[in-house]
Number of protein chains: 2
Amino acid sequence: MASLPQDGLKHLAEATGLSVSTVSRVLSGKAAAYRISTDTQERVMRAARQQGIVVNEVARGLRLRTTQTIGLIIPDVSNPFFASLARHIEHLARAKGYSVLLADSQENVEVEAESVKLMRSRRVDGLVVAPVGISGDHLHQTGSENWPLVLLDRVPTGYAGPCVTSDNRQASKAAVQHFLEQGHRHIVCLQGLPASSANQQRVLGYQQALQEARVPVNAKLVIGHDYAIETGRSAVHELFSQSNPRPTAIMALGNLIALGALQALRHLKLKVPDDVSLISFDEQPWAELVDPPLTTLSQPVEKMAETAMDLLFQQLARTPLNSHKQEILLPVTLIQRASVAPLAGSNRIRLTERTPLRKRLR
Amino acid sequence: MASLPQDGLKHLAEATGLSVSTVSRVLSGKAAAYRISTDTQERVMRAARQQGIVVNEVARGLRLRTTQTIGLIIPDVSNPFFASLARHIEHLARAKGYSVLLADSQENVEVEAESVKLMRSRRVDGLVVAPVGISGDHLHQTGSENWPLVLLDRVPTGYAGPCVTSDNRQASKAAVQHFLEQGHRHIVCLQGLPASSANQQRVLGYQQALQEARVPVNAKLVIGHDYAIETGRSAVHELFSQSNPRPTAIMALGNLIALGALQALRHLKLKVPDDVSLISFDEQPWAELVDPPLTTLSQPVEKMAETAMDLLFQQLARTPLNSHKQEILLPVTLIQRASVAPLAGSNRIRLTERTPLRKRLR
DNA sequence: GTGAAAGCGCTAACAC
DNA sequence: GTGTTAGCGCTTTCAC
C-alpha cells in the first residue's frame, strides 16, 4: 500500500481538534449511537473530504476480525460460463458490502489448494469455490473448521457441506434421450475435465440414457480431457476421420468444447445436422448465431450465483443452515434449435420450429 | 474473518517454547538472515503445519504497509474481452505474489468511483482500471497522489499517466477502408459507450476513413449507446427496417454488438454478406463459426495485460517510468473472413480465401 | 541465535 | 458528547 500523504484518523483528530475515538465514531457511522453533535460530525466529515482521507480498512479488519471480503476461486475466468458466474457473484457481494478477491485456479488442483490457503491467510470472511478435482480435502484444511464455504457448479464426491450445482446428470440424460428419440444410436460424448464432478454427472446421465434405452454403451465414445476448445477439436478429428461406423450425434459437455467440435466438423466437411447432430452444454449469446443454430442445455447461471451467495451469507450471519437444504440442485433447460436432426432413414421428422423450443428438465 | 481455532504466532510461540519474534522470522523466510538454527526452524515449521496455522496477512499488511494486492476494476467481467483481460492479469499478479481484488463497474461511473475509493481504503498496492467515462478525475482523488495506477483499454482525454490501449482509431479506420475498397459508401457505425475513449477513437477512425475517401459523413449512421448485445440488435432493427437508401455495411464496435446485429439481420431476413457486410471489433472463438464467419479486428489481449502489469510493477518497484513510454499503443490485426463482400455492382471481386487473411495494422 | 517491547491504524470498553 | 486506553497479530530495532 502506498504511503498516503495524509493517513489516518490520528491526522484527522489533530486537524479537527477532536480525539481519534470521536473521529472513528463518526466515520464508521456510529454518530447516532454515541449522540455526537451535528456540528462535530460536520467538522469531521468536511476535514476528511478535504484531506482525502479514507479509513484504513486493513487496520479496521485487524481490529474487527472481519475483512468484508469474500474469496472466489474458479477454474477459468475466461470461460464465459464462469465469467458470468463471477459477475453475478461480484454484484451480489458488493450489494451486501463485500469485496471479492479473485483467484483463477487454471483447472489445477495445486493452484486451487494454494489459493485456498492464501485466501485463508488473508482472512476472507467466506469462500465460494468451483473446485477442480474430485477430492475436497484441501478445502478443509486443519484449523479451517467452521469457515464459511460454499461450493459452486462442481462438488467432490462425498462432500457434505453447502453447495449448489445444476442438475448435470438429468440434463445430459435428457439431451441424449432427445438424440435417441431422433433415431441416433452412435452418440459421442465429448467430455470435459474427467476429474470434475460436473463432468462425471454429465457422463453418468449420458450412460443412463443409453442403458435405459438398451443401447450398448461404448467406452470409446466418451472422449476428451478438459473444457478447452482444443479438446473438442482434436476429439472430433480423431473420431470422425477414421472410425467406422461413424457416430451420428455429439453431446458436447461444455460450450468451448462444442465450439471446437464445430470447427473440426467444418474442417472435415461434415454438415451439422445433416451428417451429424450436436448438442452443447451451456447456453451462450452466440449459440443461436453459429451455423447451424445450436441446440443447448441452458444452466440457470444467475440463479446459481444467487443461491450460492445466499448459502454463504447465511453462514456469515451465523444462521444455522437448514441442514436439509445444504445441497441445492437447480434445473437445466433444453433449448431446441437446429443442430439436431433425425437420423437419415429413421422415421422421425426434423424439427422445423422457427422459435426455439424450451423444455424445462425435471 | 472467522475466528480461527488456533490463531497466530503467539500460539505457535507457546507451542514451541520460542518467542513470537523467532517464530515470525522463520515463517516469513528470514531464518537465514537471522541465523536461526535449523533445529528451531524445523520445530516451528512442523508445529505450524500440524496446527494448520497460517499467518494473518491482514496484521502483516498493517505492519508492513503493503497488502500484496492489486485492484482490478473493469466495466463488465462477463464481456469475453474483459474476462480474458482479467484472466491474464490474475495470472501475472499471482506470479509476482499479488492477489487481485475484483470490481465490476457495470459501465457506471459512480460505481467505478466508489470502487476506486473502496480499493484505496483497502490499501491495494496498485490499481489497474479500464475506466468507464471520459473524465479521469475520480481516479485521482485528493491524497492519492503517487499511488500506482495504470489505465487499460480506455483512456480519458488529457490523461497523462501510464496507460495501455490498442490502436483503436487506426483499427476501425482500416476496417472502414476495407469496406470502401469493396465499394461500400453507406456504412453504419454501431458504437459502444459513447463516453468511453475506446469508442471515441473507433468512431474517429471511422470518420477519418470516410473523410479521406471524400465520402460524406452522415451523423445518423453512428448509432448505439453501449457495448451490450441489445444495442446491436435494436440499432440494426431501427436502421434497416426503414431507412432509405439502406446502408450496405456495418462496423460493429464491440463483439457483443456484432452478435446483436447478426441476430437482428437474421430476423429481418437480410443476408450477410450478400445484403450487408459486417466487421466486428474483438476476435472471439465463435467468430469463425457463426454464419457467415466474421471478419474481425483482433486486439492483442494478452499483450495488453502484460504491458499493463509491467507498467504497474515498475511503479510498485518505485522504478521511475520512462516518461516517453507511459502511453502505450498496441497494434490491432484485421482478420478477413467471409462477412464482407464487394458491393453489388461494384467492380471488386469477392474474397474467396479458404484460410483467413490476417493483416497487421500499422 | 533468540527475546522484549514498541507500534502499524483502528475500535470499544470504560471513564467523566 | 467526548476522551483515554488497551489491544487486534504482526515485524523489527535493540539488547543480550
Side-chain angles (χ1 to χ4, degrees), chain A residues 1-44 47-48 51-68 120-123 125 143, chain B residues 1-44 47-48 51 53-68 120-125 143:
Chain A
M1 100 192 104
S3 73
L4 301 167
Q6 322 274 31
D7 209 10
L9 304 199
K10 179 127 139 276
H11 192 89
L12 267 188
E14 285 165 13
T16 54
L18 293 161
S19 72
V20 267
S21 336
T22 304
V23 173
S24 162
R25 298 197 256 248
V26 355
L27 253 35
S28 49
K30 305 239 172 50
Y34 283 94
R35 299 141 186 271
I36 297 197
S37 74
T38 333
D39 171 61
T40 303
Q41 293 186 40
E42 292 266 301
R43 228 176 344 145
V44 175
Q51 319 212 10
I53 291 187
V54 292
V55 304
N56 184 328
E57 288 293 338
V58 4
R60 199 152 191 265
L62 177 59
R63 179 65 233 241
L64 259 23
R65 318 181 117 262
T66 167
T67 52
Q68 294 297 109
R120 201 152 87 78
S121 74
R122 286 176 184 277
R123 296 302 188 271
D125 292 334
Chain B
M1 106 192 98
S3 73
L4 302 168
Q6 323 273 34
D7 210 10
L9 303 199
K10 179 127 140 275
H11 192 88
L12 266 189
E14 285 165 13
T16 54
L18 293 161
S19 72
V20 264
S21 329
T22 304
V23 173
S24 162
R25 296 198 256 249
V26 355
L27 252 36
S28 51
K30 304 239 170 47
Y34 283 94
R35 300 141 186 269
I36 297 201
S37 74
T38 332
D39 171 61
T40 303
Q41 293 186 38
E42 291 266 303
R43 219 163 6 131
V44 175
Q51 320 213 9
I53 291 188
V54 292
V55 304
N56 185 329
E57 289 294 337
V58 5
R60 197 150 193 267
L62 177 58
R63 177 66 232 241
L64 259 23
R65 314 179 121 265
T66 168
T67 51
Q68 295 296 107
R120 201 151 89 75
S121 73
R122 287 177 183 273
R123 296 303 188 269
V124 299
D125 293 334

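Here is the naming used below: chain letters follow the sequence lines, and residue numbers restart at 1 for every chain. Owing to the predicted nature of the structure, the values given are computational and were not obtained by experimental measurement.
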Trainee: Within the structure provided, determine whether A/Gln68 and B/Arg122 are in side-chain contact (heavy-atom separation under 4.5 Å).
Mentor: yes

Trainee: Taking atom types as modelled and ignoring hydrogens, do the side chains of B/Thr40 and B/Ser37 form a donor-acceptor contact shorter than 3.5 angstrom?
Mentor: yes

Trainee: Output the rounded distance in Å from CG (B/Leu18) to C1' (C/dG3).
Mentor: 10 Å

Trainee: To the nearest angstrom, how far is A/Asn56 atom CG from C/dC8 atom P?
Mentor: 12 Å

Trainee: Using only side-chain N and O atoms of A/Ser24, determine if any of them is under 4.0 Å from OP1 or OP2 of C/dT11.
Mentor: yes

Trainee: Using whole Å, report how far CZ of B/Arg43 lies from P of C/dG1.
Mentor: 14 Å

Trainee: Hey, is the side chain of B/Thr40 poking within less than 4.0 Å of OP1 or OP2 on C/dT2, counting only N and O atoms?
Mentor: yes

Trainee: Check whether any side-chain nitrogen or oxygen of B/Arg65 sits under 4.0 Å from OP1 or OP2 of C/dG9, and answer yes or no.
Mentor: yes

Trainee: Starting at atom CZ of A/Arg123, determine the distance to atom P of C/dC10, rounded to an integer number of angstrom.
Mentor: 21 Å

Trainee: Under 4.0 Å between a side-chain N or O of A/Lys10 and OP1 or OP2 of C/dC8?
Mentor: no

Trainee: For A/Gly17 and for B/Leu9, locate the closest nucleotide of DNA chain D by heavy-atom distance; then report the residue assigned to the nucleotide nearer the 5' terminus.
Mentor: A/Gly17

Trainee: Nearest to the side chain of B/Val55 - C/dC10, C/dT11, D/dC10?
Mentor: D/dC10

Trainee: Distance check needed: D/dC14 P versus B/Arg25 CZ, whole Å only.
Mentor: 13 Å

Trainee: Specify the separation, in whole Å, of atom NE2 of A/His11 and atom P of C/dC10.
Mentor: 12 Å

Trainee: In whole Å, I'd like the distance from the OH atom of B/Tyr34 to the P atom of D/dT12.
Mentor: 6 Å

Trainee: Looking only at heavy atoms, which two atoms of B/His11 and B/Ile53 are closest? And how far apart?
Mentor: CD2-CD1, 4.1 Å

Trainee: Would you say a side-chain N or O of B/Arg63 is under 4.0 Å from OP1 or OP2 of C/dG7?
Mentor: no

Trainee: Classify B/Thr22 by what it touches in the nucleic acid, base, sugar-phosphate, or nothing, heavy-atom distance under 4.0 Å.
Mentor: sugar-phosphate

Trainee: Using the side-chain contact (heavy atoms from CB on, under 4.5 Å) definition, which of the options A/Val55, A/Leu18, A/Leu27 pairs with A/Leu12?
Mentor: A/Leu27

Trainee: Can you find a pair of side-chain heavy atoms, one from B/Val54 and one from A/Arg123, that are under 4.5 Å apart?
Mentor: yes

Trainee: Whole angstrom is fine here: how far is it from CG in A/Leu62 over to C1' in C/dC8?
Mentor: 9 Å

Trainee: Are any of B/Ser19's side-chain N or O atoms less than 4.0 Å away from OP1 or OP2 of C/dT2?
Mentor: no

Trainee: Check every atom of C/dA12, C/dA4, C/dC10 against the side chain of A/Leu64 and return the nucleotide holding the closest atom.
Mentor: C/dA12

Trainee: What's A/Ser37 touching, base or sugar-phosphate or nothing? Going by heavy atoms closer than 4.0 Å.
Mentor: sugar-phosphate

Trainee: Verify the contact: side-chain N or O of B/Arg60 to OP1 or OP2 of D/dT11, cut-off strictly under 4.0 Å; return yes or no.
Mentor: yes

